[in-house]
Amino acid sequence: MNLISELKLAFVKPLSCLTLCLLTTTVTSPLVLAETSYPQQPQRVAQLGDREQLERSRLIQEANVLYSQGNFTGAEENLRKLIKKFPKDAFGYYQLGNVLYQQRKAEEAITQYKEAICLNSRYALAHNGMGIALASQGRLQEAIAEYQKALAINPEYADALASLGQALWQQGNRDQALASLEKAANIFKAQNRPDKASRVEQLLQQLKANDDPSVS
């Protein structure tokens with residue numbers, strides 16, 4: 001697998017670099033994934049009682065364990081229980097989208113990301129996740145639109161910048177792609193995320209050394 005393909009897989013996993021009780025911050029990065037953790041939830045679920053909150057936390061934690069074990073179908077089952085019990089929980093739909101994407105069910109994942117965005121129109125992670133799923137289907141222009149929506153919400157969202165840069169490169173927009181990837185690398189450094197910064201810098205070196213934007 002070449003570096004570009006590896007990076008696609010890494011940024012495609014919006015489940016990157018945080019823990020499933022993290023179900024709370026900013027990707028993965030559509031998309032957005034070798035990491036076995038969930039990004040944190042960008043907003044609280046309103047007005048849950050103590051018992052409901054405990055049930056929600058239990059389902060999330062169980063999904064996290066199952067995901068970390070590579071049991072994506074088990075994680076999916078738990079997340080479906082979560083959204084059945086809490087149908088207004090945007091985070092549950094977002095995480096279900098991530099798990100479906102891991103099972104190569106891109107179209108089903110897109111549906112869940114859309115549900116999350118319907119409940120929270122400023123859900124940058126869901127826009128990025130949907131972009132990654134769209135890109136995996138070769139729907140680059142639609143993917144770029146989703147990355148741009150994520151960045152309109154959070155201009156410092158490095159995973160979305162990295163995803164955008166890769167999609168732009170595939171379209172042949174060399175200068176814009178390099179600018180997006182360079183900005184992503186700088187933000188990853190500022191956020192003290194050296195592994196991702198290093199991956200993006202390696203990709204930049206490879207792309208700059210190759211004049212053919214269609215390389216993959």
Side-chain angles (χ1 to χ4, degrees), residues 1 5-46 48 51-120 123-137 143 146 150 157 159-160 162-163 193 195-196:
M1 180 182 294
S5 298
E6 289 174 0
L7 277 163
K8 267 184 195 172
L9 190 58
F11 291 115
V12 160
K13 302 178 174 181
L15 306 186
S16 56
C17 77
L18 301 158
T19 95
L20 196 173
C21 204
L22 270 181
L23 291 164
T24 68
T25 58
T26 70
V27 278
T28 223
S29 187
L31 192 209
V32 215
L33 299 142
E35 297 87 344
T36 57
S37 48
Y38 291 101
Q40 294 181 342
Q41 180 183 5
Q43 78 287 331
R44 294 182 180 180
V45 178
L48 289 183
R51 180 175 292 182
E52 289 178 315
Q53 187 60 61
L54 285 171
E55 174 67 4
R56 181 177 181 275
S57 296
R58 181 186 66 79
L59 290 168
I60 287 170
Q61 292 292 346
E62 287 179 2
N64 185 45
V65 171
L66 291 164
Y67 181 85
S68 69
Q69 294 171 344
N71 186 350
F72 301 129
T73 56
E76 176 186 347
E77 182 180 345
N78 272 67
L79 290 166
R80 288 193 183 280
K81 289 178 182 176
L82 175 69
I83 61 177
K84 183 176 181 180
K85 187 170 183 63
F86 307 106
K88 300 298 184 182
D89 190 338
F91 177 69
Y93 291 99
Y94 165 69
Q95 297 293 26
L96 179 56
N98 291 339
V99 170
L100 289 167
Y101 184 83
Q102 289 297 315
Q103 297 177 76
R104 303 185 184 277
K105 299 176 181 179
E107 198 59 45
E108 292 180 49
I110 289 167
T111 298
Q112 302 305 320
Y113 293 134
K114 286 180 177 178
E115 290 288 344
I117 292 164
C118 282
L119 291 165
N120 177 5
Y123 210 151
L125 276 74
H127 281 295
N128 185 57
M130 183 155 65
I132 289 167
L134 288 164
S136 74
Q137 297 181 321
E146 292 303 320
Y157 188 2
D159 293 275
S163 298
R193 299 165 74 186
D195 290 347
K196 283 203 169 185

Colleague: Measure across Ala116 and Tyr94 and return the closest heavy-atom pair with its distance rounded to 0.1 Å.
Modeller: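 Minimum heavy-atom contact is CB-N, 3.8 Å.
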Colleague: What's the shortest heavy-atom distance between Phe86 and Arg56, and which atoms?
Modeller: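 Taking Phe86 first and Arg56 second, the nearest heavy atoms are CE1-CB, 3.5 Å.
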Colleague: State, to 0.1 Å, how close Ala106 and Ser136 come at their nearest heavy-atom pair, and which atoms those are.
Modeller: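 Smallest heavy-atom distance, with atoms named: CB-OG, 3.7 Å.
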Colleague: Locate the shortest heavy-atom distance separating Asp159 from Arg193; write the atom from each residue and the value.
Modeller: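 For Asp159 and Arg193, the tightest heavy-atom pair comes out as OD2-NH2, 3.1 Å.
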Colleague: Nearest 0.5 Å please: distance from the CD atom of Gln137 over to the CD atom of Glu107.
Modeller: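 The CD atom of Glu107 is 4.5 Å from CD of Gln137, to the nearest 0.5 Å.
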Colleague: Which atom pair, heavy atoms only, marks the closest approach of Gly92 to Ile83?
Modeller: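 Scanning both residues, the minimum pair turns out to be C-CG2, 3.6 Å.
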Colleague: Taking the six-membered ring for Trp, are Tyr67 and Phe72 closer than 6.0 Å centroid to centroid?
Modeller: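 Yes, close enough.
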Colleague: Quick one: pull up CG in Asn71 and CD in Glu62 and give me the separation to the nearest 0.5 Å.
Modeller: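 Answer rounded to 0.5 Å: 11.5 Å.
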Colleague: Taking the side chain as C-beta and beyond, is there a heavy-atom pair between Tyr157 and His127 under 4.5 Å?
Modeller: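 Not in contact.
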Colleague: What I'd like to find out is whether the side chain of Leu119 reaches to under 4.5 Å of the side chain of Glu115, using heavy atoms alone.
Modeller: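 Side chain of Leu119 against side chain of Glu115, heavy atoms only: no contact under 4.5 Å found.
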Colleague: Side chains of Tyr123 and Tyr113: closer than 4.5 Å at any heavy-atom pair?
Modeller: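 Side chain of Tyr123 against side chain of Tyr113, heavy atoms only: no contact under 4.5 Å found.
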Colleague: If you measure from CD1 on Ile117 to CG on Leu125, what distance do you get to the nearest 0.5 Å?
Modeller: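 So the CD1 of Ile117 and the CG of Leu125 are separated by 10.5 Å.
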Colleague: For Arg80 and Glu77, what are the C-alpha separation, side-chain angles and deciding distance, and is it a salt bridge (charged side-chain N to carboxylate O under 4.0 Å, His left out)?
Modeller: CA-CA 5 Å; Arg80 288 193 183 280; Glu77 182 180 345; over 6 Å; no
Colleague: Looking only at heavy atoms, which two atoms of Ala75 and Ala63 are closest? And how far apart?
Modeller: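 Where Ala75 meets Ala63 most closely, the heavy atoms are CB-O, 3.7 Å.
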Colleague: Hey, are the side chains of Lys105 and Glu76 touching, using non-hydrogen atoms and a 4.5 Å cut-off?
Modeller: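 Counting from C-beta outward, Lys105 and Glu76 do come under 4.5 Å.
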Colleague: Side chains of Arg51 and Glu55: does their closest heavy-atom pair fall under 4.5 Å?
Modeller: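 Contact flag for Arg51/Glu55 side chains = no.
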Colleague: State, with a plain yes or no, whether a side-chain heavy atom of Gln112 is found less than 4.5 Å away from one of Leu79.
Modeller: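 Not touching, per the 4.5 Å side-chain cut-off.
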Colleague: Can you tell me how far apart CD (Gln95) and CG (Asp89) are? Round to the nearest 0.5 Å.
Modeller: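 The distance works out to 9.5 Å.
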